[in-house]
Enquirer: 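Have a look at the structure that comes next, please.
All values below come from the heavy atoms of this structure, side chains included, with hydrogens, waters and symmetry mates left out.
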Amino acid sequence: MMAPNGGVPYTLARPTRRRLLQALGISTAASLAGCGLFGSDSSENAASTAADSESTSSGPGEPAGEFVGVVGSDANSLNWLFTNDTTSGAFVGLTLDGAWAVDDDQNVFPLWAEPSTDDGQTYRITLRENLRWGGGYGQMTASDWVYMIRNVFQGEDNWAGYTSAGDWFRQGEPIPVEQIDDLTFAIRLPEVDPSFPLKPILWGQNCLPRGILEKYVAEKDAAGLQRDEEITTLQYTGNLGPYTFDRWQRESQFVATRNEDYYIREVEGLGEEWYNAPYFQSYRIQVIAEESSRLNALRNGEVTTAGIPPKNAQEFRDFDGVDVYVQPQPFIQAIKFNMRANGWRPFREVAVRQAFACAVDKRVLAENLYRGFAEPAFTMQPRFSKWYVEEGMQQYLFGVDDLYGQEPARARMRRGIAGTGYRYDGTTLVGPDGAPVRLSLYASSASETNQTLAELLAQEVESNLGIAVRIETIPGNTFQQKYAVNSPPKGREVSWSAGTFNGGPRDISVSQEPWDMSVVLGFNTYPRTPSSSATFFDERGNINYYGYVPESNIPELYAKASQTIDEQRRRDLFGDVFRNLAREQPFGFLLLPSNIVGTQDELVGPTETFASGWNAQTYYFER
């Protein structure tokens with residue numbers, strides 16, 4: 001999933017499909033810590049609204065007050081079939097729980113459904129009996145799920161343009177799915193996959209009523225499905241989430257109110273904290289583009305929580321009334337290189353990408369820009385993951401020690417551009433036409449940390465590679481729409497398409513606007529299930545908007561690791577994956593920042609754990 005740098009502190013978001021903050025994982029801003037999920041344009045103090053009782057409670061009690069959140073850029077859509085950004089997921093996730101969550105101990109916590117298996121290959125998914133759609137569509141049944149998976153997720157040529165369609169295929173063939181009874185369906189994987197329940201394919205997966213989808217499937221009417229008013233205004237959500245959609249004012253705010261029919265209150269055995277969830281009368285998310293304004297709102301008690309950039313962390317630790325949580329998070333900050341036809345062609349060479357990785361001092365970035373709240377990244381896995389492997393990585397630790405600086409960077413650049421017409425004219429890299437090379441670098445307008453990162457990268461690239469860099473700032477949702485989304489020219493046929501973010505071969509499918517480099521989006525490393533990140537590194541991966549084509553057998557190694565039951569063997573295979581990724585640098589790995597979140601001290605629920613937020617329905621204001 002992707003996450004916008006400067007968007008949503010995901011650990012306090014509803015446990016939705018954390019992808020593209022699941023794949024597209026996507027997070028949008030350079031520092032996830034610098035983004036806030038919760039904010040308001042209300043003049044009321046959000047925290048004190050919930051704290052009018054003189055007594056202090058030791059538990060949630062009765063629902064009270066308004067949770068007020070803030071994001072740096074707006075959502076793209078409320079139609080989750082066509083989005084994969086964290087802000088859109090956060091909005092929709094308030095009204096839909098999804099299939100299940102994963103708790104702090106990496107256990108499945110059933111929400112709508114519970115998975116079970118006898119052999120790690122066939123999984124039975126059993127739905128709760130008390131799930132009801134809105135809009136007159138009745139009970140949620142296995143028929144809804146099977147119809148959606150077969151006809152939309154696995155639809156011919158991905159006619160619907162579903163952003164995560166690739167998850168539902170293995171070796172190009174659709175994963176068999178069949179209905180067992182009204183409340184049960186089975187997924188029969190072509191191979192054993194013991195990590196399947198922890199993967200984003202169903203963890204947090206949403207669903208749509210069959211009655212809505214049937215209107216569009218026969219004619220493969222993607223445009224109609226994308227515009228469907230019942231979907232885009234969340235009329236179908238019924239009792240399926242903690243909140244009910246109230247209104248969405250574009251570029252301003254999203255408001256939802258407590259769902260009085262929330263199904264989970266009828267479920268026994270979940271623990272007393274779920275008995276009367278959720279515990280806020282309303283939930284408001286405000287769009288505030290300026291990072292300083294988001295922080296002022298937190299200082300003034302106008303928002304319940306907000307992301308804090310590293311440079312402000314100590315200030316808020318010393319600030320009475322605000323609690324600060326430093327949480328491990330899975331999103332990696334990296335330079336994305338545009339290897340499509342409207343990017344800089346030399347990026348297609350491994351040695352050129354390695355040159356950029358050598359040009360940046362990662363330790364200085366981690367210690368100075370991120371104030372120690374980040375560590376250098378060299379491959380697609382954080383060190384806290386049990387799957388991270390040290391062996392064989394030393395030769396690929398680009399950006400530190402002997403593999404940082406002008407000499408290692410230019411040596412690799414010269415190797416990468418040999419025979420292309422590019423050359424060094426003194427200290428400046430020039431193109432075949434003799435003109436100095438000048439590249440664009442896009443940063444998030446919602447995050448000062450992200451913008452400063454871009455400035456430092458530009459200085460390093462000019463100093464160590466002799467390449468001038470032009471910085472452009474842009475909202476995360478705009479970058480996705482105009483620069484990440486790509487498609488073939490009108491009337492041009494392609495042999496394959498992997499959806500919105502990978503419309504076909506890189507020489508044909510291009511974005512609306514040209515670009516060279518970007519640090520706007522952060523990608524999920526999936527520390528629990530690393531094979532979930534395979535979509536970033538497959539030529540036909542559904543998130544491969546930058547046009548990467550692997551030189552080594554990275555997709556095959558991912559697949560083999562996913563199918564391996566023996567943990568040590570699986571770790572060895574992932575080690576091969578991570579070493580290949582470190583060598584090829586599909587994007588320039590930079591940093592793994594921590595998530596820094598500030599909350600009003602009346603809020604009870606967040607923790608300093610990787611899974612913080614999985615049970616956000618049970619958060620409450622202490623009274």
Side-chain angles (χ1 to χ4, degrees), residues 15-17 78-81 92-93 95-101 108-118 122-155 160 162 164-165 167-168 174-189 196-197 199-218 221 224-225 228-245 259-270 274 617:
T16 58
R17 309 188 71 229
L78 300 184
N79 189 331
W80 55 265
L81 283 172
V92 175
T95 69
L96 295 170
D97 269 350
W100 57 78
V108 167
F109 184 87
L111 292 168
W112 295 344
E114 183 170 15
S116 62
T117 183
D118 294 324
T122 297
Y123 284 85
R124 291 170 62 94
I125 314 299
T126 304
L127 301 172
R128 297 193 186 279
E129 295 181 358
N130 64 335
L131 305 176
R132 298 185 299 277
W133 297 112
Y137 289 102
Q139 183 183 24
M140 178 191 285
T141 67
S143 175
D144 293 306
W145 285 85
V146 173
Y147 187 85
M148 175 184 67
I149 293 169
R150 288 179 175 175
N151 295 283
V152 179
F153 294 179
Q154 300 174 335
Y162 176 49
S164 299
D167 290 345
W168 290 93
I175 297 171
V177 180
E178 64 179 72
Q179 183 173 346
I180 305 301
D181 56 38
D182 284 349
L183 296 177
T184 309
F185 62 99
I187 298 176
R188 305 187 189 283
L189 303 175
F196 180 78
K199 291 184 174 180
I201 183 171
L202 273 177
W203 163 40
Q205 175 63 58
N206 290 329
C207 188
L208 288 166
R210 176 171 178 164
I212 291 180
L213 297 176
E214 285 178 332
K215 296 183 290 183
Y216 306 104
V217 167
D221 182 6
L225 180 58
D228 186 277
E229 185 176 2
E230 288 183 289
I231 299 177
T232 57
T233 57
L234 300 171
Q235 295 176 34
Y236 64 95
T237 59
N239 74 342
L240 301 175
Y243 298 92
T244 300
F245 173 68
N259 190 340
E260 298 301 330
D261 297 320
Y262 188 30
Y263 75 94
I264 215 160
R265 293 196 291 272
E266 301 174 3
V267 178
E268 297 180 355
L270 296 185
W274 296 88
Q617 304 96 317

Enquirer: List the steps, then state whether side-chain hydrogen bond (donor to acceptor under 3.5 Å, both in side chains) holds for Asp97 with Tyr263.
Expert: CA-CA 10 Å; Asp97 269 350; Tyr263 75 94; 2.7 Å; yes

Enquirer: Would you say CG of Asp118 has more than 12 non-hydrogen atoms from neighbouring residues, nucleotides or ligands within 6.0 angstrom?
Expert: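 For Asp118, atom CG is not crowded (no more than 12 foreign heavy atoms under 6.0 Å).
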
Enquirer: Drop me the distance from Ile125's CD1 to Thr184's OG1, to the nearest 0.5 angstrom.
Expert: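 Answer rounded to 0.5 Å: 9.5 Å.
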
Enquirer: Count the heavy atoms belonging to other residues, nucleotides or ligands that lie under 6.0 Å from CZ of Arg128, then report whether that count exceeds 12.
Expert: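 Yes, CZ of Arg128 has more than 12 neighbouring heavy atoms, counting only those of other groups under 6.0 Å.
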
Enquirer: Assign the ring pair Trp80 / Tyr162 to parallel, tilted or perpendicular, where the plane angle (0 to 90°) is split at 30° and 60°.
Expert: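 Geometry flag for Tyr162 against Trp80: perpendicular rings.
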
Enquirer: Residues in ring-ring contact (aromatic ring centres under 6.0 Å, His included) with Phe245, at least two apart?
Expert: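 ring-ring contact (aromatic ring centres under 6.0 Å, His included) check on Phe245 returns Phe254.
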
Enquirer: What is the distance from atom CD1 of Ile231 to atom CD of Glu229, rounded to the nearest 0.5 Å?
Expert: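 The CD1 atom of Ile231 sits 11.0 Å away from the CD atom of Glu229.
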
Enquirer: Out of curiosity, Asn259 CG to Thr244 OG1, how far, rounded to the nearest 0.5 Å?
Expert: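 Here the rounded value is 3.5 Å.
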
Enquirer: Is there a donor-acceptor pair under 3.5 Å between the side chain of Gln617 and the backbone N or O of Trp274?
Expert: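 Pair absent, no side-chain N/O of Gln617 close to backbone of Trp274.
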
Enquirer: Can you check whether Thr122's main-chain N or O pairs, donor with acceptor, with Thr117's side chain at less than 3.5 Å?
Expert: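 Side chain of Thr117 to backbone of Thr122: a pair is present.
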
Enquirer: Can you tell me how far apart CG (Asn130) and CZ (Arg265) are? Round to the nearest 0.5 Å.
Expert: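 One gets 11.0 Å once the value is rounded to the nearest 0.5 Å.
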
Enquirer: Determine the minimum heavy-atom distance between Asn79 and Leu225, stating which atoms define it.
Expert: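 What the structure gives for the nearest pair is ND2-O, 3.0 Å.
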
Enquirer: Holding to salt bridge (Lys or Arg N to Asp or Glu O under 4.0 Å), I want the full list of residues that pass it with Arg188, two or more places apart in sequence or in another chain.
Expert: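 Glu178.
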
Enquirer: Tyr262 and Pro242: which non-hydrogen atoms are nearest, and at how many Å?
Expert: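 Nearest heavy atoms, Tyr262 then Pro242: CE1-N, 3.5 Å.
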
Enquirer: Applying ring-ring contact (aromatic ring centres under 6.0 Å, His included), name anything that partners Tyr216, two or more places apart in sequence or on another chain.
Expert: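 Counting only residues at least two positions away or on another chain, Tyr216 forms no ring-ring contact (aromatic ring centres under 6.0 Å, His included).
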
Enquirer: Does the side chain to side chain contact (heavy atoms under 4.5 Å, CB included) test come out yes or no for Leu78 and Thr233, once each step is laid out?
Expert: CA-CA 7 Å; Leu78 300 184; Thr233 57; over 6 Å; no

Enquirer: Do Leu183 and Gln139 have side chains that approach each other closer than 4.5 Å (heavy atoms only, starting at C-beta)?
Expert: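 SC-SC contact between Leu183 and Gln139 confirmed.
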
Enquirer: On a heavy-atom basis, which atom in Met140 and which in Asp144 lie closest, and how many Å separate them?
Expert: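 For Met140 and Asp144, the tightest heavy-atom pair comes out as CA-OD2, 3.5 Å.
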
Enquirer: Show your reasoning for whether salt bridge (charged side-chain N to carboxylate O under 4.0 Å, His left out) applies to Asp228 and Lys215.
Expert: CA-CA 10 Å; Asp228 186 277; Lys215 296 183 290 183; 3.4 Å; yes

Enquirer: Using a 4.5 Å cut-off on heavy atoms from C-beta on, say whether the side chain of Leu81 contacts that of Leu208.
Expert: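 Yes, close enough: below the 4.5 Å cut-off.
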
Enquirer: Look up atom CG in Leu202 and atom CH2 in Trp145, then write down how far apart they are to the nearest 0.5 Å.
Expert: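 Answer rounded to 0.5 Å: 6.0 Å.
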
Enquirer: Name the one of Glu230, Gln235, Arg132 that satisfies side chain to side chain donor-acceptor pair (under 3.5 Å) with Tyr137?
Expert: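 With Tyr137 as partner, side chain to side chain donor-acceptor pair (under 3.5 Å) holds for just one option, Glu230.
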
Enquirer: Applying salt bridge (Lys or Arg N to Asp or Glu O under 4.0 Å), can you list everything that pairs with Glu268, at least two apart in sequence or on another chain?
Expert: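 Glu268: no salt bridge (Lys or Arg N to Asp or Glu O under 4.0 Å) contacts found.
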
Enquirer: So which heavy atom on Ala142 is nearest to which on Asp181, and how close?
Expert: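 In terms of heavy atoms, the two residues are closest at CB-O, 3.4 Å.
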
Enquirer: Check whether any side-chain N or O of Asp167 sits under 3.5 Å from a backbone N or O of Phe153 as a donor-acceptor pair, and report yes or no.
Expert: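 Checked: no pair found.
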
Enquirer: Checking Arg150 side chain against Val177 main chain: does a donor-acceptor pair fall under 3.5 Å?
Expert: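 Answer holds: yes.
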
Enquirer: Return the minimal non-hydrogen interatomic distance between Pro115 and Val108, and the atom names on each side.
Expert: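 The answer is CD-CG1, 3.8 Å.
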
Enquirer: Just to verify, what does Glu214 make a salt bridge (Lys or Arg N to Asp or Glu O under 4.0 Å) with, not counting sequence neighbours?
Expert: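 Salt bridge (Lys or Arg N to Asp or Glu O under 4.0 Å) list for Glu214, sorted by chain: Arg210.
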
Enquirer: Checking side chain to side chain contact (heavy atoms under 4.5 Å, CB included) for the pair Leu270/Phe109: CA distance, chi angles, key distance, verdict?
Expert: CA-CA 9 Å; Leu270 296 185; Phe109 184 87; 4.0 Å; yes

Enquirer: Any chance you could measure Thr237, atom OG1, to Asn206, atom CG, to the nearest 0.5 Å?
Expert: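 The OG1 atom of Thr237 sits 10.5 Å away from the CG atom of Asn206.
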
Enquirer: Leu213 versus Val152: any side-chain heavy-atom pair under 4.5 Å?
Expert: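 In short, these two side chains touch, coming nearer than 4.5 Å.
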
Enquirer: Taking the side chain as every heavy atom from C-beta outward, state whether Trp112 and Trp100 have any pair of such atoms under 4.5 Å apart.
Expert: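 Trp112 does not reach Trp100 side chain to side chain.
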
Enquirer: For the residue pair Ile201 and Ile175, establish whether any side-chain heavy-atom pair is separated by less than 4.5 Å.
Expert: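 Ile201 vs Ile175: side chains touch.
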
Enquirer: Taking only residues two or more places apart in sequence or in another chain, which ones pass ring-ring contact (aromatic ring centres under 6.0 Å, His included) with Trp133?
Expert: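 Trp133 satisfies ring-ring contact (aromatic ring centres under 6.0 Å, His included) with no other residue.
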
